[in-house]
Amino acid sequence: QGKFTLLRDTRTDGSFLVHHFLSFYLRAGCKVCFVALLQSFSHYNIVAQKLGVNLTAAKERGQLVFLEGLKSCLDLLFGEEEEQSGQPSPLQFISESASNLKALFDFVRTSLTPAGSDSWKGPVLLVDDLSVLLSLGATPVAVLDFIHYCRVAVCSQLKGNIVVLVHSNEDSEDEENELVVNSLCHHSDLILWVEGLATGFCKDVHGQIKIIRRVSLELTAEHDHVQIYQYKIQDKNVTFFARGLSAAVL
Amino acid sequence: LVFTEEDKYGLYSNLLFKYFLAEGVVCGHDLFVASAKEHPDHILKELPAPLLDDTYRNELGEEATAVKSEDFQDSMKIAWRYQNLPKMEASPTTSTKLGHYYDVSKTMSPELFQSIKWHSFYLHEELSLQPKMKTCNMNSAYARLLQSIQRIIYQEGFDGSDPQKKQKNILRIGIQSLGSVLWGDDICISDTPEDINSLTKFMYILRGLLRKSLSACIITVPAHLIQNKAIMERVTNLSDMVVGLESFIGSERETNPLYKDYHGLVHVHQIPRLNSLICDVSDTKDLAFRLKRKLFTIERLHLPPDLSDTVSRASKQDLAESAKLLSSGCGAMAIGKKHLDF
């Protein structure tokens with residue numbers, strides 16, 4: 001409850017973790033607000049079906065609030081004036097000169113604030129992925145502010161969880177992105193860091209995942225617990241194993 | 001959304017661009033060609049002609065049989081464990097019938113164009129029109145291009161907005177040399193461009209348009225000119241497939257004996273992972289291309305065996321250094337820095 005999990009990927013694609021968390025929280029009965037900036041709804045829907053969850057049904061019963069970034073952006077830019085409802089678009093920072101993500105935050109807060117009839121367990125905010133906001137013109141400070149506001153609203157006030165995906169690279173020249181990622185790392189309770197193998201590309205081991213539990217944040221003078229596993233992604237699930245013990249080797 | 005990094009002189013990426021469009025013509029898809037450099041009519045006149053199946057199959061068949069008859073009966077004596085491994089397949093076999101083959105030395109005949117509808121966007125002709133969409137601080141050339149694409153998608157019903165239209169067709173969009181100075185963007189000139197987000201915003205909106213409609217798009221970008229590498233990283237994230245072409249013209253690799261059969265390397269930086277947890281990863285990532293008189297082929301880069309022992313030590317060292325530059329994972333071909341001298 002009230003945890004901030006950071007999904008971080010380097011040299012590989014960590015989106016399988018996003019799919020996992022989405023189906024995990026939906027199956028657990030939580031109310032999920034999914035800010036999907038990079039892919040379309042049908043992509044997530046098809047993968048979720050392989051994992052045993054139906055996103056369309058979840059949307060209809062009100063358990064899932066889905067913000068499809070790509071579609072929302074198109075509606076904002078190409079939409080007719082009459083089509084706009086009373087509420088401003090959550091992504092309106094794209095068309096305005098002010099780099100202010102307040103509309104997006106308001107959207108998140110209204111979707112996760114429990115209505116009287118809701119019976120869902122804790123709210124969850126899922127973001128895929130945060131680095132796209134920088135590409136769309138938001139400043140790093142605006143992005144960090146947005147996350148901060150979300151933490152206050154979702155983690156502290158509503159006792160919910162937040163899961164955010166970011167991309168990072170070693171020797172990255174994208175300083176703004178590195179700034180956001182480093183800052184988020186310091187504030188996260190749990191970091192799942194997915195990396196491509198340092199030795200290069202391999203068919204049987206797709207990468208390694210580092211699980212960092214930030215125990216040091218609890219002020220008990222302990223260091224963070226770090227666990228490292230390797231993984232292979234298959235069509236319907238992901239297998240994890242200890243380093244060097246891939247099925248191809250044994 | 002296929003993102004192609006151009007090679008230094010743009011020769012080979014242009015070829016790839018034309019292949020994409022030519023495939024569209026042969027398959028009966030609609031085309032949308034945008035360029036700031038050449039008039040799209042010229043581009044379309046230079047598309048390669050498709051090869052009829054029989055002639056190509058014969059050519060490829062001849063080559064394959066020639067190779068087979070040579071080492072038919074050689075059984076290995078020392079490295080006999082390798083005998084059981086399948087022979088190295090350099091080029092795709094004719095059994096996979098995906099796509100068509102093209103003859104680069106001939107241009108496509110105009111009759112093939114009759115059946116398809118094509119739209120063009122030549123920047124210098126469109127400058128007079130004012131964009132109607134909210135430009136949101138984006139470069140106005142990009143804004144006009146996006147508006148034009150959106151208009152075509154909507155009018156021709158590629159986004160399913162017209163339920164009357166029974167036949168569903170695909171729109172193939174080709175955009176040439178995006179990000180270059182000709183589009184009014186200064187990311188190729190300076191390290192701190194005026195609007196660093198123009199290209200990325202464009203890519204995001206284009207991605208949205210593609211996801212919403214039945215279309216596919218190829219973009220070529222002079223990546224070697226873009227000063228600010230952060231932009232390249234962001235753009236890679238926003239694309240589905242990223243391919244880079246590195247030609248050997250004018251670089252030191254031209255004379256490298258490793259690469260003597262090829263004209264350049266193909267770097268596949270990213271492959272699409274759509275609608276599934278996994279992506280279709282091929283066995284090897286080292287690909288090279290060569291332009292023969294009639295064909296442009298992409299093959300696995302395989303090194304010739306290092307047989308000569310009269311070569312001086314200096315050049316052997318060079319070979320080893322170059323071999324190290326190949327992305328690791330090409331397991332069968334790892335040549336270490338220290339040669340074992342027997």
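Just so we're on the same page: letters track the sequence lines, and every chain starts at 1. These numbers come from the heavy atoms of this one structure, side chains and all, not from hydrogens, waters or symmetry mates.
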What's the spacing between A/Ser40 OG and B/Leu210 CG if we round to 0.5 Å? 11.0 Å

Less than 4.5 Å apart, any side-chain heavy atom of B/Leu209 and any of A/Leu74? yes

Output the distance between atom CD (B/Glu233) and atom NE2 (A/His167), rounded to the nearest 0.5 Å. 11.0 Å

Side chains of B/Arg211 and A/Gln39: does their closest heavy-atom pair fall under 4.5 Å? yes

A/Gln227, CD atom: more than 12 neighbouring heavy atoms under 6.0 Å: yes

Which value, rounded to the nearest 0.5 Å, describes the distance between B/Leu238 atom CG and A/Ser135 atom OG? 5.0 Å

Just checking A/Tyr229: does its OH atom have more than 12 heavy atoms from other residues, nucleotides or ligands closer to it than 6.0 angstrom? no

Report the distance from atom CG of A/Leu70 to atom OH of B/Tyr204, rounding to the nearest 0.5 Å. 4.5 Å

Decide side-chain contact (heavy atoms from CB on, under 4.5 Å) for B/Ile205 and A/Cys73; before the verdict, give the C-alpha distance in whole Å, the side-chain angles of both, and the deciding distance to 0.1 Å. CA-CA 7 Å; B/Ile205 300 173; A/Cys73 183; 4.0 Å; yes

How long is the straight-line distance from OG1 of B/Thr200 back to CG of A/Leu134, given to the nearest 0.5 Å? 9.5 Å

Check whether any side-chain heavy atom of B/Arg207 lies under 4.5 Å from a side-chain heavy atom of A/Leu38, and answer yes or no. yes

